[in-house]
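To start, the structure itself, in structure tokens.
Quick note: numbers below take in every heavy atom, side chains included, and nothing from hydrogens, waters or symmetry partners. All residue numbers in this chain count up from 1 along the given sequence. Quick caveat: nothing in here was measured; it's all calculated off a predicted structure.
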Amino acid sequence: MLGIMPLMKKIQIFLSLILMGCFLLPHSGAEAAVVGAYDLIVAVNSYRFEKGLDELPTNVYLMAAAQNQATYLANTYGSTPPGETEGHLGEGGSDATDRAEQVGYLVITGVQVRENWAGVDVSTSLDTLLHTTWGDSDNTSVMLHDYATQIGAGMAQVDNIVYYVLNISLDYSVSPTNSTLTVKTTETPGVVPVAVSTPQSDGSIIHVVEKGQALWSIAITYGVTVDQIQILNNLSDNAAIYEDESLIIRAAYTATPTLIPTNTPLPPTRTPIPPQTPQALKTQADNSLLDKVTASGEKEILGIALIVICGACLIYLVYTMLRKKG
């Protein structure tokens with residue numbers, strides 16, 4: 001009995017370790033991994049690729065707008081998702097385009113942001129989300145839209161409910177790469193070709209808007225930007241344009257003032273003195289000296305002449321006096 005007791009204790013310790021190891025092993029009922037926002041984007045792009053459509057690049061602003069909406073739904077409704085219409089209403093705007101623009105996404109005429117959302121159990125797979133939860137025509141048309149250009153997604157979890165939000169930007173100014181899906185006429189703005197207006201006499205160009213014309217199509221036709229038209233016409237980023245509205249495409253030329261010439265009297269022109277070389281200066285000096293010598297010689301001859309005349313007169317007087325005395 002004394003030899004058996006230590007053996008029983010060893011067996012008991014061994015069995016305890018086995019039970020502890022079993023407890024630490026993962027259970028088959030462990031919580032499933034939650035699908036992330038980028039996983040959702042990959043799944044949507046794969047879905048588009050299967051349908052012969054281009055994959056969409058991720059846009060950081062669409063990601064931010066989708067994440068804000070997912071967080072708002074989780075914080076507002078918790079583990080009880082709202083109805084379909086309520087799920088599209090969010091903080092910062094009741095429309096996905098407005099919410100995307102508020103976080104920095106550039107929205108111009110012809111651009112629209114469409115949104116899918118869902119509040120599903122954490123165990124829901126991506127395949128079920130795309131083909132069942134979003135399997136209706138409205139949600140499918142967003143994911144497989146011909147005019148889709150960019151994508152963003154967001155995810156937020158509350159208890160066992162995960163909120164997914166998918167934002168896809170549509171640009172109706174681009175040509176679709178696939179025509180397997182028909183875009184609803186209510187979604188596509190009718191764009192009328194733009195005829196270029198003739199410049200006026202002052203150089204300005206005024207375009208009169210016709211029904212169905214868009215600001216972006218007018219800018220493309222005239223070779224300017226939408227921002228330039230908005231600045232010239234004091235239009236805000238979201239301002240609409242209307243039929244028969246006159247838009248300044250190019251401002252009038254600014255006249256350059258003509259200068260009137262004035263008669264300014266010119267100063268008297270000085271006669272230039274030619275440069276004097278050393279040889280010329282020497283020649284001038286010699287000529288001056290010669291003049292002095294010549295003038296001096298003439299005075300000497302005149303003096304001699306006077307002396308001769310005076311001497312002759314003196315001799316004549318002496319001769320006359322001597323003759324009288326004799």
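By the neighbour-count criterion of 12 heavy atoms within 6.0 Å, atom CD of E91 is sparsely surrounded, having that number or fewer from other residues, nucleotides or ligands.
The shortest non-hydrogen separation linking A214 to I241 is C-CD1, 3.9 Å. Residue A148 comes nearest to L56 through the heavy atom pair O-CD2, 3.6 Å, listed as atom of the first residue, atom of the second, then distance. Pairing each heavy atom of P81 with each of G119, the nearest pair is CG-O, 3.7 Å. When all heavy atoms of A65 and N167 are compared, the pair lying nearest together is CB-ND2, 3.6 Å. The minimum heavy-atom distance between N233 and S246, with the atom names listed, is OD1-O, 4.0 Å.
Of the possible donor and acceptor atoms, one in the side chain of T140 sits under 3.5 Å from a partner among the backbone N and O of W134. Between the side chain of Q157 and the backbone N or O of D159, at least one donor-acceptor pair lies under 3.5 Å.
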Would I229 and V224 count as a side chain to side chain contact (heavy atoms under 4.5 Å, CB included) if you check the C-alpha gap in whole Å, the side-chain angles of each, and the deciding distance to 0.1 Å?
-> CA-CA 8 Å; I229 298 178; V224 298; 3.9 Å; yes

Mind running side chain to side chain donor-acceptor pair (under 3.5 Å) on S125 and D127 for me, showing each step along the way?
-> CA-CA 5 Å; S125 65; D127 185 72; 5.2 Å; no

Would N68 and Q102 satisfy side chain to side chain contact (heavy atoms under 4.5 Å, CB included), going step by step from the backbone distance to the final call?
-> CA-CA 11 Å; N68 288 345; Q102 288 185 10; over 6 Å; no

Start with the C-alpha gap between D227 and T225, add the side-chain angles, then the distance that decides, and say whether side chain to side chain donor-acceptor pair (under 3.5 Å) holds.
-> CA-CA 5 Å; D227 289 342; T225 65; 5.3 Å; no

Pair N45-V42, side chain to side chain contact (heavy atoms under 4.5 Å, CB included): steps then yes or no | CA-CA 5 Å; N45 275 330; V42 172; 5.9 Å; no

Between I218 and I249, is a side chain to side chain contact (heavy atoms under 4.5 Å, CB included) present by the stated rule, with each step listed?
-> CA-CA 9 Å; I218 296 174; I249 306 300; 3.9 Å; yes

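Side-chain polar atoms of D202 and S204 form a donor-acceptor pair below 3.5 angstrom. In summary, the side chains of Y222 and S197 do present a donor paired with an acceptor at a separation below 3.5 Å, with no hydrogens or angles considered.
Taking 4.5 Å as the limit, some side-chain heavy atom of L247 sits within range of a side-chain heavy atom of L235. Using a 4.5 Å heavy-atom cutoff, the side chains of V111 and Y105 are in contact. Annotation: side chain of M143 is in contact with side chain of L166 (closest heavy-atom distance under 4.5 Å). In this structure the side chain of L40 never reaches within 4.5 angstrom of the side chain of M155, judged on heavy atoms. Side-chain atoms of L144 and Y47, non-hydrogen and from C-beta on, do get closer than 4.5 Å to each other. Side-chain contact between L62 and V113 is present, with at least one heavy-atom pair separated by less than 4.5 Å. Using a 4.5 Å cut-off on side-chain heavy atoms (C-beta onward), E115 and V165 make contact. Between L53 and D146, the closest side-chain pair of non-hydrogen atoms falls below 4.5 Å.
At a threshold of 4.5 Å between side-chain heavy atoms, the hydrophobic network of Ile, Leu, Val, Met, Phe, Trp and Tyr places M63 and V142 in one connected group. Cluster membership check: Y38 does not share its hydrophobic cluster with F49, using side-chain heavy-atom separations under 4.5 Å among Ile, Leu, Val, Met, Phe, Trp and Tyr. Under a hydrophobic-cluster definition in which Ile, Leu, Val, Met, Phe, Trp and Tyr are linked whenever side-chain heavy atoms come within less than 4.5 Å, directly or via other members, V208 and V226 are assigned to different clusters.
Note that CG of N116 is 8.0 Å distant from OG of S141, once rounded to the nearest 0.5 Å. Atom CG of L126 sits about 10.5 Å away from atom OG1 of T133, to the nearest 0.5 Å. To the nearest 0.5 Å, the span separating OG1 on T149 from CG on D54 amounts to 11.0 Å. Atom NZ of K211 is separated from atom OH of Y242 by 14.5 Å, given to the nearest 0.5 angstrom. The structure places CZ of R250 at 15.0 Å from NE2 of H207, a figure rounded to the nearest 0.5 Å. Distance check: E86 CD to W117 CH2 gives 8.0 Å after rounding to the nearest 0.5 Å.
Through chains of ILVMFWY side-chain contacts below 4.5 Å, I206 is grouped with L232, I248.
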Using a 3.5 Å cut-off and no angle test, enumerate the donor-acceptor pairs between side-chain atoms of residues 69-79 and protein atoms at least two apart in sequence or in another chain.
{"unit_1": "Q69", "atom_1": "OE1", "unit_2": "R99", "atom_2": "NE", "d": "3.4"}
{"unit_1": "Q69", "atom_1": "NE2", "unit_2": "G87", "atom_2": "O", "d": "2.9"}
{"unit_1": "Q69", "atom_1": "NE2", "unit_2": "L89", "atom_2": "O", "d": "3.4"}
{"unit_1": "T71", "atom_1": "OG1", "unit_2": "Q67", "atom_2": "O", "d": "2.9"}
{"unit_1": "T71", "atom_1": "OG1", "unit_2": "Q67", "atom_2": "NE2", "d": "3.2"}
{"unit_1": "N75", "atom_1": "ND2", "unit_2": "T71", "atom_2": "O", "d": "3.2"}
{"unit_1": "T76", "atom_1": "OG1", "unit_2": "Y72", "atom_2": "O", "d": "2.7"}

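In this structure, Y61 has no ring pair (Phe, Tyr, Trp, His ring centres under 6.0 Å) partners at least two apart in sequence or on a different chain.
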